[in-house]
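Here the structure comes first, spelled out in structure tokens, and everything after it is commentary.
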Amino acid sequence: MPVAIAAAYALLGTLWIYFSDRMVSGIPQVSPETIQRLQTWKGLAFVAATALLIWWLARRAAGAVSVAEQARSESESRYRQIFEKTTSVCLL
């Protein structure tokens, strides 16, 4: 799964850079300063989108860990109850 996420990120990042650069360079009669500002803003938009994606993935992973920990705790509790009942029956 991490390899797929990294590959998707690399592909989307490459596409973003390629197409956003083409869009900016396709604007007629724009000064170099304006192009520089547009390049900065599109970079900031990419960083913001990436940060949001990473936050969402980390939150999802933390939720999965929490669910697994809860399941482990419940399983351990059931095993302990079975062990204690079995031990008390064997001692009789």
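Position 1 is the first residue of the sequence; numbering continues from there.
Distance check, rounded to the nearest 0.5 Å: CD of Gln70 to OG of Ser75 gives 11.5 Å. Put simply, OG1 on Thr50 and OH on Tyr9 are 4.0 Å apart, with the number rounded to the nearest 0.5 Å. Rounding to the nearest 0.5 angstrom, the gap separating the NZ atom in Lys42 from the CZ atom in Phe19 is 12.5 Å.
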| field | Steps toward side chain to side chain contact (heavy atoms under 4.5 Å, CB included) verdict (Phe46, Ile17) | value | CA-CA 9 Å; Phe46 181 75; Ile17 291 168; 5.9 Å; no
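Ion pairing between Arg37 and Glu33 fails under the 4.0 Å rule for side-chain N and carboxylate O.
For the pair Trp16 and Ala45, the tightest heavy-atom approach, listed with the atom from each and the gap, is CZ2-CB, 4.2 Å.
A donor-acceptor pair under 3.5 Å is formed between the side chain of Thr14 and the backbone N or O of Ala10.
Put simply, the side chain of Gln39 reaches to within 4.5 Å of the side chain of Asp21, judged on heavy atoms. Within the 4.5 Å cutoff, side-chain heavy atoms of Ile27 are placed close to those of Val30.
Within a 6.0 Å sphere centred on CZ of Arg80, other residues, nucleotides and ligands contribute 12 heavy atoms or fewer.
In the hydrophobic clustering of ILVMFWY residues, with side-chain heavy atoms under 4.5 Å counting as a link, Leu11 and Tyr18 come out together.
Under the side chain to side chain contact (heavy atoms under 4.5 Å, CB included) criterion, Gln36 pairs with no residue at all, not counting sequence neighbours.
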